[in-house]
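Scroll down for the structure; my scribbles are underneath it.
Quantities reported herein were computed from a predicted structural model and do not represent experimental measurements.
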Amino acid sequence: LSSAFSVTYFSVLNKKPIIYNASLIADASGEMLGRIKGLVSATYVLKADKKSVLTIGLGATIDPTNPFPVFPIVTYTKPIFNGKWRLDMVLPAKIMLQTQLGQTGRVSLGSELGTSNTYFKDNQIVNFANKFEFRQTHIKSGITYEYLLKNKIVLTAKAGVLNVIRSRVSEKGESFSDNNYLLEFKPTTAPYINLGVSLNPF
């Protein structure tokens, strides 16, 4: 379970837009409250016209368990192949090629960097606390189809392969650095399928 409260502020620096964002994020499992963490970022628009958009920025996580608290942000969007496709990059998060299918459909091909985590208790592990966190960092590569239904509902289907970069268990609240974890896993590449529904009532 995860929820977030986010504030975005738009301003101007050297006659170009700059976007500030601050988010407060809380997560949990079915057994316990997880962690409360923060995310702040500033994104500067270097170029924006009808053909392309280029931005650079810096993000920072307020989370003692994150071994990389500060990271760069680069986004680039540009039509390619005579405008039939669009290159959409949000580095280091994703690289996508997108094309429209009619008025209500869109297909995306590419890769996305993501994480998943959960919290659990185990009273059988001695000499440690009984609250733990499992966290996995992965890259999903494949195809995504999105369909807009009645201008308010988006149906999404994803399929492809999942490559795990890091999969570890640590005590809850501890860092997942190279020297501070309890268990490490090496999952093999596996296929994945995701189905989703999004609602925008406004």
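In the hydrophobic cluster analysis, where Ile, Leu, Val, Met, Phe, Trp and Tyr join through side-chain heavy atoms closer than 4.5 angstrom, Tyr20 is grouped together with Leu13. Placement of Ile143 and Leu155 within a single hydrophobic cluster is found when ILVMFWY residues are connected by side-chain heavy-atom separations under 4.5 Å, directly or transitively. Note on Tyr76: it does not cluster hydrophobically with Val90, by side-chain heavy-atom contacts below 4.5 Å among ILVMFWY residues. Both Leu101 and Trp85 sit in one connected hydrophobic cluster of ILVMFWY residues. Membership requires side-chain heavy atoms under 4.5 Å apart, directly or through other members. Cluster membership check: Leu33 does not share its hydrophobic cluster with Tyr119, using side-chain heavy-atom separations under 4.5 Å among Ile, Leu, Val, Met, Phe, Trp and Tyr.
Put simply, the side chain of Val169 reaches to within 4.5 Å of the side chain of Phe120, judged on heavy atoms. Using a 4.5 Å cut-off on side-chain heavy atoms (C-beta onward), Leu182 and Ser170 make no contact. At a threshold of 4.5 Å between non-hydrogen side-chain atoms, the residues Gln136 and Asn117 do not count as touching. Using a 4.5 Å cut-off on side-chain heavy atoms (C-beta onward), Ile18 and Val12 make no contact. Within the 4.5 Å cutoff, the side chain of Asn163 has heavy atoms near those of the Val161 side chain.
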Checklist entry - Taking it one step at a time, do Val154 and Tyr147 satisfy side-chain contact (heavy atoms from CB on, under 4.5 Å)? => result CA-CA 6 Å; Val154 178; Tyr147 182 79; over 6 Å; no
Item to check | Residues Lys172, Met32; criterion side-chain contact (heavy atoms from CB on, under 4.5 Å); working and verdict | outcome: CA-CA 11 Å; Lys172 180 187 171 187; Met32 74 187 85; 4.0 Å; yes
Item to check | Worked check of side-chain contact (heavy atoms from CB on, under 4.5 Å) between Leu87 and Met89 | outcome: CA-CA 7 Å; Leu87 174 65; Met89 297 194 306; 4.0 Å; yes
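Of the possible polar contacts, one joining the Thr99 side chain to the Lys84 backbone as a donor-acceptor pair under 3.5 Å is found. In this structure, Asp27 contributes its side chain and Arg35 its backbone to a donor-acceptor pair below 3.5 Å.
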Can you list, pair by pair, the side-chain donor-acceptor contacts under 3.5 Å of residues 45-59, counting residues two or more places apart and other chains?
unit_1 : atom_1 : unit_2 : atom_2 : d
Lys47  : NZ     : Ser52  : OG     : 3.3
Asp49  : OD1    : Lys51  : N      : 2.8
Asp49  : OD1    : Ser52  : N      : 2.8
Thr55  : OG1    : Thr75  : OG1    : 2.3

What pairs of donor and acceptor atoms, side-chain ones from residues 103-111 against any protein atom, are under 3.5 angstrom apart with sequence neighbours left out?
unit_1 : atom_1 : unit_2 : atom_2 : d
Arg106 : NE     : Glu146 : OE1    : 2.9
Arg106 : NH2    : Glu146 : OE1    : 3.0
Arg106 : NH2    : Glu146 : OE2    : 3.4
Ser108 : OG     : Gln98  : NE2    : 3.4
Ser111 : OG     : Ser141 : OG     : 2.7

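Annotation: the span from Leu39 atom CG to Ser41 atom OG amounts to 6.0 Å, rounded to 0.5 Å. For the atom pair OG1 of Thr189 and CD1 of Ile139, the computed distance is 10.0 Å after rounding to the nearest 0.5 Å. How far OG1 of Thr115 is from CZ of Arg135: 7.0 Å, rounded to the nearest 0.5 Å. Between the OH atom in Tyr44 and the CD1 atom in Ile73 there is a gap of 16.0 Å [rounded to 0.5 Å]. Note that CG of Leu199 is 6.0 Å distant from CD1 of Ile153, once rounded to the nearest 0.5 Å. With values rounded to the nearest 0.5 angstrom, Leu24 atom CG is found 11.0 Å from Lys37 atom NZ.
Residue pairs meeting the salt bridge (Lys or Arg N to Asp or Glu O under 4.0 Å) criterion with at least one partner in residues 187-202, sequence neighbours excluded, do not occur; the list is empty.
Here the closest heavy-atom approach between residue Ile25 and residue Ala4 is recorded as CG1-CB, 4.0 Å. Contact between Phe71 and Ala60 at its shortest, heavy atoms only, is CE2-N, 4.0 Å. Minimum heavy-atom separation, Pro92 to Leu113: O-CD2, 3.6 Å. Listed here is the closest heavy atom pair of Leu183 and Tyr181: O-CD1, 3.5 Å.
Side-chain contact, Ser198 with Asn200: no donor N or O sits under 3.5 Å from an acceptor N or O.
The side-chain tip of Lys121 does not point at the ring of Phe132 from less than 6.0 angstrom away and within 45° of straight on.
Ion pairing between a basic and an acidic side chain is recognised when a charged N comes within 4.0 Å of a carboxylate O; Asp88 and Lys78 show no such pairing. Ion pairing between Glu112 and Lys140 fails under the 4.0 Å rule for side-chain N and carboxylate O.
The number of heavy atoms from other shown groups lying within 6.0 Å of CD1 (Ile165) is above 12.
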